[in-house]
Number of protein chains: 2
Amino acid sequence: MPDQPVRARLVDVAREAGVSKATVSKVLNGRQDLSVRPETRARIHEVAEALGYRPHSGARALAGASTHALALLVPSLGNPTYVTISRGAYQRARELGYLSLLAEDFDGQEADETFNDLVKEGRVDGLLIASARPGHPLLETLRRSPVPHVFLNRAVEGSGRNVTMDVARSSVTALDHLHELGHRVVGHVAGPAGIAPSEDRKQAFLDRAAELGLLAAPVAAGDFTEEGGAAAARELLAPTEHRPPVTALYTSSLAQAIGALHAIGELGLRVPQDVSLVGNDDLPVAGYLTPSLTTVAMPLYDLGTAAVDALVAEIEGKSPGDVIVPTEPRLVRRGSTAPPAEPGGRPD
Amino acid sequence: MPDQPVRARLVDVAREAGVSKATVSKVLNGRQDLSVRPETRARIHEVAEALGYRPHSGARALAGASTHALALLVPSLGNPTYVTISRGAYQRARELGYLSLLAEDFDGQEADETFNDLVKEGRVDGLLIASARPGHPLLETLRRSPVPHVFLNRAVEGSGRNVTMDVARSSVTALDHLHELGHRVVGHVAGPAGIAPSEDRKQAFLDRAAELGLLAAPVAAGDFTEEGGAAAARELLAPTEHRPPVTALYTSSLAQAIGALHAIGELGLRVPQDVSLVGNDDLPVAGYLTPSLTTVAMPLYDLGTAAVDALVAEIEGKSPGDVIVPTEPRLVRRGSTAPPAEPGGRPD
DNA sequence: AAGTCTTGGTCAACCGGTTTCCTCAAGTGG
DNA sequence: CCACTTGAGGAAACCGGTTGACCAAGACTT
């Protein structure tokens with residue numbers, strides 16, 4: 001077989017199939033405004049396949065069509081949450097004929113550079129923006145140079161193009177689990193203040209705590225990191241006079257849960273005998289901690305697919321709207337939750 | 001300020017600066033084959049800046065120049081190792097005027113699709129291929145449709161374009177640390193067989209063990225995952241007649257170390273009192289495990305930058321060659337290593 | 001029989017850059 | 001004084017697609 005030293009071009013396909021460039025282009029793009037004999041159509045497809053033809057994305061983009069590419073901007077790939085989201089996005093984009101690129105923007109530090117590289121240089125048709133903080137530089141940039149985009153995970157108020165998960169429901173799931181086990185004083189390690197999902201999760205936690213009639217439901221905020229979780233856990237576990245001691249913690253991220261686990265150990269307490277622990281988001285590592293971690297698995301993959309659906313719809317001319325991924329959070333029971341030691345509190 | 005509803009184009013800059021497209025193109029690309037008055041040159045730069053001009057990458061690529069983009073293919077972004085590498089690559093690429101894209105290829109499952117999307121559609125000028133397994137489909141594809149590329153992390157034998165780290169050195173660092181603490185029977189959790197760095201690390205481990213005169217240095221292979229580490233650790237810790245029990249383990253990845261930690265706990269042993277543990281690669285999470293994990297930090301970021309340097313050199317016409325990142329592995333001492341309990345072995 | 005549809009395509013302009021030859025004016029050596 | 005270099009920049013072809021306008025020929029009307 002003669003190797004293919006050069007890319008096959010549209011003209012090559014056209015010549016080989018005995019038709020014009022225009023016909024090939026229209027057939028391969030499945031356009032309806034042209035009538036073609038089925039046999040011609042088949043022949044074109046065959047030839048294209050045989051030659052391994054792929055349209056040059058640049059030429060395509062230039063000719064006024066789209067680049068058939070999107071970009072997903074995430075604050076940190078170190079956070080595996082975003083990796084799962086990106087897989088969903090990539091897969092769904094592929095199904096819709098798009099390529100999903102991935103870019104890390106470190107909480108907006110270089111967001112404008114990324115925007116230039118991807119949008120202004122015409123590499124993508126639209127942007128999926130994960131976890132934009134309020135005041136994110138991209139917000140202003142997008143207002144000035146409008147490009148199709150959606151916000152995912154963290155809603156941007158008033159944007160009318162948010163794709164989010166039911167984080168309130170995750171608080172309910174976690175809290176119900178702890179309540180069933182008998183916990184009556186549960187602490188919540190929240191995310192940073194001022195961020196939509198943090199607030200929603202926290203509010204849902206407080207509401208559900210009230211409904212269930214818990215004795216106390218203290219909250220401490222911290223970054224979505226190990227350190228943030230450790231600090232918040234220390235705060236919640238510190239003895240206090242105006243409420244009984246906490247017997248269970250519910251954290252907003254997996255990293256926080258790992259930090260909390262560490263902090264609990266440093267305080268000389270045991271999980272789950274002294275303190276039960278539930279984290280948000282499930283990943284393999286949760287099963288290999290000691291003890292293994294009970295988590296609420298959020299539909300991250302689905303979040304990615306839903307965001308792509310919304311963005312592609314916008315690119316194709318429909319007007320955007322807010323979307324909530326319907327998949328329910330799922331409780332993954334492992335070793336970090338158990339009934340509290342004594343109805344009265346821990347033995348110290 | 002009037003927003004910029006449309007991208008500025010080359011002609012816009014040309015008109016505004018009172019020169020022709022050709023001149024602008026040449027000036028902005030810093031070509032030497034043209035003499036331009038310094039003031040004209042300055043004016044062009046000013047106008048381009050003011051208009052926020054960015055060349056359309058597609059048009060550029062079409063016109064025969066390069067796309068100024070690269071792609072880094074990694075087997076899994078779930079492995080934070082690759083995230084660090086990608087940051088190095090991205091940053092260095094940027095410094096060299098390139099954009100580094102990131103693609104996940106799940107150990108080659110869809111590598112050819114990715115290749116088509118990125119290379120055949122003309123989106124990138126070259127490929128950085130991380131951890132190609134032997135028999136990776138891309139190897140054959142690249143042979144048939146040559147594109148500038150380098151292999152990083154895992155060398156591909158005979159390719160003459162490998163960018164790797166000194167993994168042998170990491171074994172020495174880890175083992176010396178354990179030896180100094182007094183360990184004389186150290187087990188190694190290796191990576192899967194047949195993969196260059198696995199073999200290198202293992203061989204270096206065995207060689208150094210011999211030099212140090214250890215009593216025994218058993219090795220067990222496993223995937224670079226938590227489960228792989230757990231299984232291999234169980235194997236190494238199982239009682240055996242022909243050698244004294246292992247008092248320390250050295251793993252090939254952080255995930256393996258987490259799995260090993262878990263397995264050790266399940267066996268009723270304590271870290272570091274009964275078994276010391278050293279992992280490869282350092283990440284924040286290592287500090288928040290219980291106990292915190294001693295690791296050998298590999299120069300992953302530098303690996304990314306070095307790979308980009310090599311690839312860009314190749315794109316610009318130099319011929320490729322093997323490179324070893326000179327940065328030395330660094331030992332990060334934490335809580336998972338300590339002197340063995342008793343010179344004679346553990347008390348059971 | 002002439003006009004009108006329909007079917008099955010083709011033509012050529014255009015997208016936004018890059019690059020290869022040109023040109024034109026001013027200086028310069030003979 | 002004239003042919004010749006040199007400096008400064010321009011004209012136009014081209015890259016590989018897409019797209020709307022157009023066209024030839026047979027089928028169908030009237």
Side-chain angles (χ1 to χ4, degrees), chain A residues 4 6-45 47-48 51-69 97 116 119-123 125, chain B residues 4 6-45 47-48 51-69 97 116 119-123 125:
Chain A
Q4 301 150 271
V6 290
R7 310 176 49 255
R9 292 154 315 166
L10 189 62
V11 269
D12 300 326
V13 178
R15 188 178 345 95
E16 197 76 11
V19 295
S20 72
K21 282 177 22 170
T23 308
V24 177
S25 174
K26 287 172 187 166
V27 166
L28 292 183
N29 286 315
R31 297 186 49 130
Q32 305 300 328
D33 64 340
L34 175 74
S35 61
V36 194
R37 244 177 289 146
E39 55 204 79
T40 307
R41 188 180 297 275
R43 187 153 30 89
I44 290 174
H45 276 114
V47 172
L51 265 49
Y53 171 70
R54 282 290 190 124
H56 187 283
S57 75
R60 240 182 164 177
L62 251 193
S66 80
T67 62
H68 288 254
N116 284 341
V119 177
K120 282 202 132 184
E121 294 194 358
R123 292 184 208 270
D125 298 333
Chain B
Q4 301 149 272
V6 291
R7 309 177 49 254
R9 292 155 313 168
L10 189 61
V11 270
D12 300 326
V13 178
R15 189 178 343 95
E16 197 75 13
V19 294
S20 72
K21 284 177 22 171
T23 307
V24 176
S25 174
K26 288 173 190 165
V27 166
L28 291 184
N29 287 315
R31 298 189 46 133
Q32 305 301 329
D33 63 342
L34 175 74
S35 59
V36 195
R37 245 176 290 147
E39 53 203 84
T40 308
R41 188 180 297 275
R43 185 152 32 88
I44 291 175
H45 277 115
V47 172
L51 266 49
Y53 170 70
R54 281 292 190 123
H56 187 284
S57 74
R60 232 178 173 185
L62 251 194
S66 80
T67 61
H68 288 252
N116 285 340
V119 178
K120 282 203 134 184
E121 294 194 359
R123 293 185 207 270
D125 298 333

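No experiment lies behind these values; they were computed from the predicted model shown. In what follows, chains are A, B, ... by sequence order, proteins preceding strands, each numbered from 1.
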Rounded distance in Å - CZ (A/Arg123) to P (C/dC15): 21 Å
Given B/Arg7, B/His56, B/Arg54, B/His68, the one that forms side chain to side chain donor-acceptor pair (under 3.5 Å) with A/Glu121: B/Arg54
5' precedence on DNA chain D between B/Gly64 and B/Leu34 (nearest-nucleotide basis): B/Leu34
Minimal non-hydrogen separation, B/Ala14 against B/Ser20, with atom names: CB-C, 3.7 Å
Distance in angstrom units between A/Leu51 CG and D/dG17 P, rounded: 11 Å
First encountered from the 5' end of DNA chain C, between B/Arg9 and A/Val24: A/Val24
Residue closer to the 5' end of DNA chain D, B/Ala59 versus B/Ser35 (nearest nucleotide): B/Ser35
Closest heavy-atom pair and its distance - A/Ala61, A/Thr67: CB-CG2, 3.6 Å
B/Pro55 side chain reached by B/Leu10 side chain, heavy atoms, under 4.5 Å: no
Donor-acceptor pair (no angle test) under 3.5 Å: A/Lys26 side chain, C/dT10 base: yes
Contacting residues from residues 36-45 of chain B, given that a heavy atom lies under 4.0 angstrom of DNA chain C: none
Atom of A/Arg9, atom of A/Asp12 and distance for their closest heavy-atom approach: N-OD2, 2.7 Å
B/Ser25 side chain near C/dG17 phosphate (N/O to OP1/OP2, under 4.0 Å): no
Contact under 4.0 Å: A/Tyr53 side-chain N or O vs D/dG16 OP1/OP2: no
Rounded distance (Å) that lies between atom C1' of D/dC15 and atom CD of B/Glu121: 17 Å
Least distance between heavy atoms, B/Ala59 atom then A/Leu62 atom: CA-CD1, 3.8 Å
Least distance between heavy atoms, B/Val13 atom then B/Val24 atom: CG1-CG1, 3.8 Å
Euclidean distance, atom CZ of residue A/Arg60 to atom C1' of C/dC15 [Å, nearest integer]: 15 Å
Rounded distance [0.5 Å steps], CD in B/Glu39 versus CD1 in B/Ile44: 11.0 Å
Side chain of A/Ala22 (C-beta onward), nearest among D/dT19, C/dG16, D/dA11: D/dT19
Degree of bending, the helix from C/dA1-D/dT30 to C/dG30-D/dC1 (end axes from five pairs; round to 10°): 60°
Distance test, side-chain N/O of A/Thr23 to OP1/OP2 of C/dT10, below 4.0 Å: yes
Between C1' of D/dG16 and NE2 of A/His68, the distance in whole Å: 15 Å
Side-chain (B/Asn29) to main-chain (B/Lys26) donor-acceptor, under 3.5 angstrom: no
Nearest listed nucleotide, side chain of A/Ser20, among C/dT10, D/dT19, C/dT20: C/dT10
Inter-residue atom distance B/Lys120.NZ - A/Ser57.OG, 0.5 Å rounding: 14.0 Å
Atom-to-atom span, NE2 of B/His56 to P of D/dT18 - whole angstrom: 13 Å
Value in whole Å for how far the C1' atom of C/dT7 lies from CD of A/Gln32: 15 Å
B/Leu28 CG to C/dG16 P, straight-line distance once rounded to whole Å: 16 Å
Touch class at under 4.0 angstrom, heavy-atom based, for B/Asp33 against every strand present: nothing
